[in-house]
Amino acid sequence: MIGLLLHAREQRRLDVYTVHEGPEPAADRIDRAEELEFVKDGFDWGIALFSPFVFLLRGEWAALGVYLAVLTVLAGLMSVCGVSSDWIGLTVVGLNVFAGFEASTIERAILNYRGYSEIGTVTGRNRNECERRFFESWLADQPALSVTRAAPRDQHAIASGLGALFARWRGTGA
């Protein structure tokens, strides 16, 4: 009976991911798809347990700096006020738990700072299912290649190059 309840509970659990695209996406939709970033909503145990190390490993320097600054200020204020070291330790644990809850928000803020834009949200039982569901709908709406307009100077260079090729093909030019 307990096994059935746990199985039913597991089937109802869905992960939510936001999808972000870089500031200069590739022209080909497959290349664009490879560059997309999926950010999972929810609690991050890695950050809750090892905040500074995870920030360091992920290269989230701003988050690491803010974390260390907040930790230094809180510990300093509590020390000056004569609070016992036990409470300072609990404050560190509380800051780590807070960072665990806000991990996805921090990651989205860093992507936003880097010029990424949010292009969608998707739900599924795991990351693979979320990616599959997102790409099933997203790829159908994307052209095979994105065409960008050339600048006027570039159009002139392209036209003169094509003219020279046409002249060689006709045998009238060198």
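Values reported hereafter were calculated over all heavy atoms of this structure, with side chains retained and with hydrogens, waters and symmetry mates removed.
Every residue meeting the side chain to side chain donor-acceptor pair (under 3.5 Å) condition with E131, not counting sequence neighbours, appears here in chain and number order: R127. The side-chain contact (heavy atoms from CB on, under 4.5 Å) test applied to E34 returns I30, D31, not counting sequence neighbours. F98 pairs by the ring-ring contact (aromatic ring centres under 6.0 Å, His included) definition with nothing, not counting sequence neighbours. Evaluation of the side chain to side chain donor-acceptor pair (under 3.5 Å) rule for R132 yields E136 as partners, not counting sequence neighbours. With sequence neighbours excluded, the residues satisfying ring-ring contact (aromatic ring centres under 6.0 Å, His included) with F134 are F38, W138. Judged as a salt bridge (Lys or Arg N to Asp or Glu O under 4.0 Å), and not counting sequence neighbours, the contacts of E21 are R32. With sequence neighbours left out, the salt bridge (Lys or Arg N to Asp or Glu O under 4.0 Å) criterion links D15 to R13, K40. Partners of F43 according to the ring-ring contact (aromatic ring centres under 6.0 Å, His included) rule, which considers only residues two or more places apart in sequence or in another chain, are W45, F101.
Within the 3.5 Å criterion, the main-chain N or O of T123 finds a donor-acceptor partner in the side chain of R133.
Side-chain contact between V19 and E118 is absent, with no heavy atoms from C-beta onward closer than 4.5 Å. Taking 4.5 Å as the limit, some side-chain heavy atom of I47 sits within range of a side-chain heavy atom of F55.
The shortest heavy-atom contact between A26 and E35 is N-OE1, 3.7 Å.
Placement of V66 and V97 within a single hydrophobic cluster is found when ILVMFWY residues are connected by side-chain heavy-atom separations under 4.5 Å, directly or transitively. Connection of Y116 to W61 is not established within any shared hydrophobic cluster, with ILVMFWY side chains joined at heavy-atom distances below 4.5 Å, either directly or through further cluster members. If you chain together hydrophobic residues whose side chains sit under 4.5 Å apart, W87 and V92 never meet in one group. No path of Ile, Leu, Val, Met, Phe, Trp and Tyr side chains, each step under 4.5 Å between heavy atoms, connects L36 with V39, placing them in separate hydrophobic clusters. Under a hydrophobic clustering in which Ile, Leu, Val, Met, Phe, Trp and Tyr are joined whenever their side-chain heavy atoms come within less than 4.5 Å, directly or via other members, I106 and L56 fall into the same cluster.
Summarising the geometry, atom CG belonging to L14 is positioned 8.0 Å from atom SG belonging to C130; distances are rounded to the nearest 0.5 Å. Once rounded to the nearest 0.5 Å, the distance linking CG of L111 with CD of E37 reads 5.5 Å.
Within the structure, salt bridge (charged side-chain N to carboxylate O under 4.0 Å, His left out) pairs that include any residue of residues 55-83 comprise D44-R58 (at least two apart or interchain). Listed by first and then second residue, the side-chain hydrogen bond (donor to acceptor under 3.5 Å, both in side chains) pairs that reach into residues 88-101 are S51-N96, Y67-N96, sequence neighbours excluded. Residue pairs satisfying the salt bridge (charged side-chain N to carboxylate O under 4.0 Å, His left out) criterion with at least one member in residues 78-102, sequence neighbours excluded, are absent.
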Please list every donor-acceptor pair under 3.5 Å in which a side-chain atom of residues 71-80 meets a protein atom from a residue at least two apart or in another chain.
from, atom 1, to, atom 2, distance (Å)
T72, OG1, L68, O, 2.7

